[in-house]
Amino acid sequence: MKGDNVMKMSNVETFHRYKVEIETLAEVREFVNIATTCKGKLFLESGENFKINAKSLLGVIIAKKLNWSDITLVAEEECYAKFAHFIVE
């Protein structure tokens with residue numbers, strides 16, 4: 001998949017990574033609604049120090065309010081199609 005970086009975290013876990021942009025509160029709600037339909041773990045990361053649960057409305061709102069830059073969605077399951085309009089190349 002274009003934009004899909006697969007990261008092997010251990011011998012068992014493989015995570016897919018996508019750079020995303022979430023601009024408005026409506027997009028935050030839409031993003032979290034999509035995230036809650038996905039199986040497995042989903043996180044949003046900014047750099048190495050910030051990581052939140054992508055299925056948490058409050059967590060994603062906080063990330064937006066803190067003006068995180070370079071937000072990356074990290075997912076256990078491949079989910080490019082579900083988040084395609086949030087993914088930036």
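Counting only N and O atoms by type, the side chains of E76 and H16 include no donor and acceptor under 3.5 Å apart.
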List, one per line, each side-chain donor-acceptor pair under 3.5 Å for residues 20-28, sequence neighbours excluded.
from	atom 1	to	atom 2	distance (Å)
T24	OG1	E27	N	3.1
E27	OE1	E23	N	2.5
E27	OE1	T24	N	3.4

Q: I would like to know whether F83 and Y18 meet ring pair (Phe, Tyr, Trp, His ring centres under 6.0 Å); could you show each step before the answer?
A: CA-CA 9 Å; F83 291 98; Y18 312 96; 7.7 Å; no

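In this structure, A54 and L44 approach most closely via the heavy-atom pair CB-CG, 4.0 Å. Closest of all the heavy-atom pairs between K82 and I34 is O-CD1, 3.6 Å. Considering all non-hydrogen atoms of both residues, C79 and L42 come closest at SG-CD2, 4.2 Å. Across H85 and E30, no two heavy atoms sit closer than the pair NE2-OE2, 2.8 Å.
Interatomic distance, OG1 of T72 versus CD of E45, reported as 6.5 Å (0.5 Å rounding). Between atom CD1 of residue I71 and atom CZ of residue F31 there is a gap of 8.5 Å, rounded to the nearest 0.5 Å. Expressed to the nearest 0.5 Å, how far CD1 of I52 lies from OG of S46 amounts to 10.5 Å. Rounded to the nearest 0.5 Å, atoms CG (L73) and CD1 (I87) are 7.0 Å apart.
Judged as a ring pair (Phe, Tyr, Trp, His ring centres under 6.0 Å), and not counting sequence neighbours, F43 has no contacts. Under the side-chain contact (heavy atoms from CB on, under 4.5 Å) criterion, N33 pairs with no residue at all, not counting sequence neighbours.
Residues L57 and R29 are in side-chain contact: their nearest non-hydrogen atoms beyond the backbone lie under 4.5 Å apart.
Between E77 and K41, none of the side-chain N atoms (NZ, or NE/NH1/NH2) sits under 4.0 Å from a carboxylate O, so this pair counts as no salt bridge.
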